[in-house]
**Student:** 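Structure below; questions to follow.
Just so it is clear, the model here is predicted, and its values are computed rather than measured.
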Amino acid sequence: QVQFVETGGGLVQPGGSLRLSCRCSGFIFASFAMSWYRQLPGKEREMVAQISIGGTETNYPDSVKGRFTISRDNAEKTLYLQMNNLNAEDTAVYYCNANPYYYVRSPRFGSWGQGTQVSVSS
């Protein structure tokens with residue numbers, strides 16, 4: 001079955017950095033665009049980064065552009081998110097999922113991993 005295992009979250013001070021990883025299984029990782037999402041309690045999940053199948057194209061919302069960098073390793077079936085210059089508004093649980101096509105924000109699969117908590121506080 002489709003599985004996502006997100007790791008790398010933690011508590012960091014404003015201005016700090018974290019690198020998230022998402023190990024994927026149960027589907028052909030190299031055949032899908034992939035995205036990172038985040039969710040605050042009581043709010044809808046929002047996409048914060050997307051990467052194309054080959055990794056040559058990426059897109060980000062304005063809220064994280066220039067601070068977050070998404071990458072992928074198709075051989076390892078792993079997705080990454082480098083987050084720099086973090087601020088309190090980045091505090092959330094972060095998840096990954098595949099996308100039906102690049103530039104489509106909706107997730108391809110209904111199952112989600114447990115997510116990884118990112119907390120930014122002084």
Side-chain angles (χ1 to χ4, degrees):
Q1 69 276 25
V2 172
Q3 285 191 324
F4 304 101
V5 180
E6 299 94 349
T7 58
L11 175 63
V12 63
Q13 292 187 340
S17 298
L18 285 172
R19 188 188 193 215
L20 307 184
S21 299
C22 175
R23 192 161 187 88
C24 305
S25 60
F27 65 101
I28 303 174
F29 181 81
S31 295
F32 288 90
M34 295 292 299
S35 289
W36 282 98
Y37 300 82
R38 67 186 181 189
Q39 186 172 29
L40 287 168
K43 293 197 173 182
E44 286 197 5
R45 208 166 274 159
E46 64 166 341
M47 191 196 80
V48 295
Q50 188 181 49
I51 190 167
S52 60
I53 290 174
T56 56
E57 296 180 83
T58 58
N59 72 86
Y60 310 89
D62 289 343
S63 58
V64 307
K65 195 174 293 183
R67 301 188 298 120
F68 289 12
T69 303
I70 188 173
S71 60
R72 65 190 296 163
D73 184 333
N74 285 347
E76 294 295 324
K77 302 179 183 179
T78 302
L79 186 71
Y80 301 100
L81 185 68
Q82 177 67 42
M83 305 187 296
N84 298 328
N85 195 20
L86 287 160
N87 58 59
E89 288 68 41
D90 297 316
T91 295
V93 180
Y94 285 71
Y95 304 85
C96 74
N97 207 311
N99 303 111
Y101 303 99
Y102 185 62
Y103 273 126
V104 173
R105 296 190 172 203
S106 57
R108 171 62 180 83
F109 300 109
S111 59
W112 295 85
Q114 81 288 349
T116 187
Q117 175 71 50
V118 171
S119 299
V120 184
S121 175
S122 54

**Student:** Tell me yes or no: between the side chains of N84 and Q82, is some donor less than 3.5 Å from an acceptor?
**Tutor:** yes
**Student:** Do V93 and W112 share a hydrophobic cluster, counting only Ile, Leu, Val, Met, Phe, Trp and Tyr and linking them when any side-chain heavy atoms are less than 4.5 Å apart?
**Tutor:**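 Same cluster.
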**Student:** Between Q50 and V104 (side chain of the first, backbone of the second, donor and acceptor by atom type, cut-off under 3.5 Å), is there such a pair?
**Tutor:** yes
**Student:** Starting at OH of Y94, measure out to CG of L81 and round the result to the nearest 0.5 Å.
**Tutor:** 7.5 Å
**Student:** For the hydrophobic clusters of this structure (ILVMFWY residues joined by side-chain heavy atoms under 4.5 Å, transitively), does one cluster hold both I53 and Y80?
**Tutor:**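 Looking at the clustering, Y80 is in a separate group from I53.
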**Student:** Should M83 and R67 count as side-chain neighbours, where that means a heavy-atom distance under 4.5 Å?
**Tutor:**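 No; the side chains remain at least 4.5 Å from each other.
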**Student:** Would C96 and C24 count as a disulfide bond (SG atoms under 2.5 Å apart) if you check the C-alpha gap in whole Å, the side-chain angles of each, and the deciding distance to 0.1 Å?
**Tutor:** CA-CA 9 Å; C96 74; C24 305; 4.3 Å; no
**Student:** Please report the closest heavy-atom contact between L18 and V12, naming both atoms and the distance.
**Tutor:** CD1-CG1, 4.1 Å
**Student:** Using the side-chain hydrogen bond (donor to acceptor under 3.5 Å, both in side chains) definition, which of the options R45, E44, E46 pairs with Q39?
**Tutor:** R45
**Student:** Which atom names give the shortest non-hydrogen contact between S122 and P14, and what distance separates them?
**Tutor:** N-CD, 3.7 Å
**Student:** To the nearest 0.5 Å, how far apart are OH in Y102 and OG in S35?
**Tutor:**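 Going from the OH atom of Y102 to the OG atom of S35 covers 9.0 Å.
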**Student:** Mind checking whether F27 and F32 have parallel, tilted or perpendicular rings, split at 30° and 60°?
**Tutor:**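 Answer is perpendicular, since the angle exceeds 60°.
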**Student:** Return the OG to CG distance between S17 and N85, rounded to the nearest 0.5 Å.
**Tutor:** 8.0 Å
**Student:** What is the minimum heavy-atom distance between S106 and P100, and which atoms define it?
**Tutor:**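 Looks like O-CD, 3.2 Å.
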**Student:** With rounding to the nearest 0.5 angstrom, report the CG to CD distance, N97 to E6.
**Tutor:**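 Answer rounded to 0.5 Å: 9.0 Å.
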**Student:** Return the OG to CE distance between S52 and M34, rounded to the nearest 0.5 Å.
**Tutor:** 12.0 Å
**Student:** Which heavy atom in A30 sits nearest to a heavy atom in R72, and how many Å separate them?
**Tutor:** CA-NH2, 4.1 Å
**Student:** Between R23 and Q3 (side chain of the first, backbone of the second, donor and acceptor by atom type, cut-off under 3.5 Å), is there such a pair?
**Tutor:**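 Looks like no, no N/O pair under 3.5 Å.
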**Student:** Out of curiosity, does L20 fall in the hydrophobic cluster containing Y95 (side-chain heavy atoms, cut-off under 4.5 Å, transitive links)?
**Tutor:**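 Not linked; separate clusters.
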**Student:** How long is the straight-line distance from CD1 of I28 back to CG of N74, given to the nearest 0.5 Å?
**Tutor:**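 Between atom CG of N74 and atom CD1 of I28 there are 11.5 Å.
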**Student:** Can we call the ring centroids of F4 and Y37 under 6.0 Å apart?
**Tutor:**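 Ring centres of Y37 and F4 not closer than 6.0 Å.
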**Student:** Evaluate the side-chain proximity of S121 to L11: yes if any heavy-atom separation is below 4.5 Å, no if none is.
**Tutor:**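 Yes, side chains in contact.
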**Student:** Can you see which heavy atom on V64 is nearest to which on V48, and at what distance?
**Tutor:** CG2-O, 3.2 Å
**Student:** Provide the closest heavy-atom pair for V120 versus T91 in the form atom of the first, atom of the second, distance.
**Tutor:** N-OG1, 2.9 Å
**Student:** Do F29 and T78 have side-chain heavy atoms sitting under 4.5 Å apart?
**Tutor:**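 Result no, sub-4.5 Å side-chain heavy-atom pair not found.
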